[in-house]
Amino acid sequence: MGSGDRSPRGGSRRWPYPQRSAIEQLGDMDRDDALAFMRRTGDLLMVHKFGVDELMTKLRIWSEEFDYAHEHDPIEHITSRIKRPEAIAAKLARRGLPVDPVSAREHLTDIAGVRVVCPFISDVYLVRDLIRQHQIEIVQTKDYIAAPKPNGYRSLHLIINVPVHLSDRTEQVAVELQLRTIAMDFWAAVEHELLYKSGGEVPESFTAELKAAAEAAAGLDAQMSSLHERSEREPG
Ligand code: 0O2
């Protein structure tokens, strides 16, 4: 455990509280409005961090339990992120919504994000079912595995409400949960990198090749699933 974890406030020193330098990224927003927003986002970010913490704990428990009890861990790895205050403000401004924490809480469901990467497609739906079974409310499902995006992107996206038990109240915190296989994650990570480098402008041939790569990744998933099913039927 690192030294930050031994402080009385746990790992909170690592938490990305609003930083002045981020103001540069707010574009056309009025500077005073932007600064005021960023000062007021502390509570919003904290409660979303707790939502992520709660969910990560559940996922880690299921991962270990399945590994122990079934000799198969449906979770390869988990990552999480909290949206930066300037990105929250920019998203609200883009949508023509009031740029304040109340509005962010009301309108944005991706302030907290957790990404679960699974070995097989069946594991993606297994984890979704575990969420369902534990009375965690799923408020939205976008199944980009059943219906991939036109560019080839595949993942299962859920918006869930995670109960966070604070000292004096319980809050339902929206978390965007993305579930995908290793092959889907590989494609999404590289596609993101390529588009980021090209500033979002990509020639048509590039788009077609990326889509073909997504199909190839889906083919690998199908092949691996079939091997997995065979190994379950014919162990040893
Ligand atoms: P970040 O930094 O990952 O959070 P919305 O977010 O609601 O305005 P949308 O498109 O309705 O937009 O949401 P959707 O479809 O649920 O997708 C949101 C997130 O999914 C994105 O978050 C990405 O993380 C991921 N995603 C969706 N489509 C693609 C894609 O084509 N390629 C890749 N690599 N990732 C994708 P953000 O906000 O873009 O970024």
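For the single chain, residues carry numbers from 1 onward in sequence order.
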Evaluate whether atom CD of E209 has more than 12 neighbouring non-hydrogen atoms of other residues, nucleotides or ligands under 6.0 angstrom away.
no
For E229, enumerate each residue passing the salt bridge (Lys or Arg N to Asp or Glu O under 4.0 Å) test, keeping only those at least two apart in sequence or located in another chain.
none
Check whether K211 reaches the backbone of P150 with its side chain - one donor and one acceptor, N or O, closer than 3.5 Å.
yes
Do I159 and I138 belong to the same hydrophobic cluster, where Ile, Leu, Val, Met, Phe, Trp and Tyr are linked whenever their side-chain heavy atoms lie under 4.5 Å apart, directly or via other members?
no
Under a 3.5 Å threshold, yes or no: a donor from one side chain and an acceptor from the other, between N161 and Q172?
no
Listed once per pair and sorted, the side-chain hydrogen bond (donor to acceptor under 3.5 Å, both in side chains) pairs that draw on residues 108-117, sequence neighbours left out
K83-D110, K91-D110, R115-Q178
Answer yes or no: is there a side-chain heavy-atom contact under 4.5 Å between M224 and I121?
no
Less than 4.5 Å apart, side chain to side chain, heavy atoms only: is that true for V173 and R105?
yes
D100 side-chain N/O to S103 backbone N/O, donor-acceptor pair under 3.5 Å:
yes
side-chain contact (heavy atoms from CB on, under 4.5 Å) filter on Q223, not counting sequence neighbours, yields L220
Rounded to the nearest 0.5 Å, the OG1 atom of T79 sits from the CE atom of M56 at a distance of 7.5 Å
Sub-4.5 Å side-chain heavy-atom contact between R128 and V124
no
How close do E76 and P119 get, counting heavy atoms only, and between which atoms?
N-CD, 4.0 Å
Indicate the atoms forming the closest heavy-atom contact of A112 with A174, along with that distance.
CB-O, 3.8 Å
Any side-chain heavy-atom pair from I75 and V127 closer than 4.5 angstrom?
yes
Cationic N near anionic O, under 4.0 Å, E171 to R169
yes
Salt-bridge contact E176-R81 (side-chain N to carboxylate O under 4.0 Å):
no
Which residue pairs satisfy the ring pair (Phe, Tyr, Trp, His ring centres under 6.0 Å) criterion with at least one member in residues 93-123, sequence neighbours excluded?
H72-F120, F120-H228
Under 3.5 Å donor-acceptor pairs involving side-chain atoms of residues 60-71, not counting sequence neighbours:
unit_1	atom_1	unit_2	atom_2	d
S63	OG	D73	OD1	2.9
S63	OG	D73	OD2	2.8

List the steps and the verdict of side-chain contact (heavy atoms from CB on, under 4.5 Å) for K142 and L156.
CA-CA 6 Å; K142 288 187 191 169; L156 177 66; over 6 Å; no
Within this structure, what is the NE2-CG distance for the pair H48 and D43, rounded to the nearest 0.5 Å?
11.5 Å
For F50 and L166, run side-chain contact (heavy atoms from CB on, under 4.5 Å): C-alpha distance rounded to whole Å, both residues' side-chain angles, the deciding distance at 0.1 Å, then the answer.
CA-CA 9 Å; F50 294 158; L166 298 168; 3.7 Å; yes
So do the side chains of L59 and V114 get within less than 4.5 Å of each other, counting heavy atoms only?
yes
Exercise: identify the closest heavy-atom pair between A183 and A217
CB-O, 3.8 Å
Write down the atom of L92, the atom of P98, and the distance for their closest heavy-atom approach.
CD1-O, 3.7 Å
Could you grab the distance from atom CG of D123 to atom CZ of R180, nearest 0.5 Å is fine?
15.5 Å
Donor-acceptor under 3.5 Å (S226 side chain, A222 main chain)
no
Value rounded to 0.5 Å, distance of OG1 in T141 from NE2 in H157
11.5 Å
Taking atom CZ of F186 as the centre, report whether more than 12 heavy atoms of other residues, nucleotides or ligands fall under 6.0 Å from it.
no
Could you tell me whether the side chain of S155 reaches within less than 4.5 Å of the side chain of L179, counting heavy atoms only?
no
Suppose we screen for side-chain contact (heavy atoms from CB on, under 4.5 Å). Which residues come up paired with D129, at least two apart in sequence or across chains?
R132, Q133
How many angstroms lie between atom NE2 of H77 and atom SG of C118, to the nearest 0.5 angstrom?
9.5 Å
Can you tell me if W187 uses its side chain to pair, donor with acceptor, with the backbone of L210 under 3.5 Å?
yes
Between T181 and M184 (side chain of the first, backbone of the second, donor and acceptor by atom type, cut-off under 3.5 Å), is there such a pair?
yes
Does any non-hydrogen side-chain atom of I160 lie less than 4.5 Å from one of L55?
yes
Any sub-3.5 Å donor-acceptor pair from H134's side-chain atoms to L130's backbone N or O?
yes
How about L44 and I88: do any of their side-chain heavy atoms sit closer than 4.5 Å?
yes
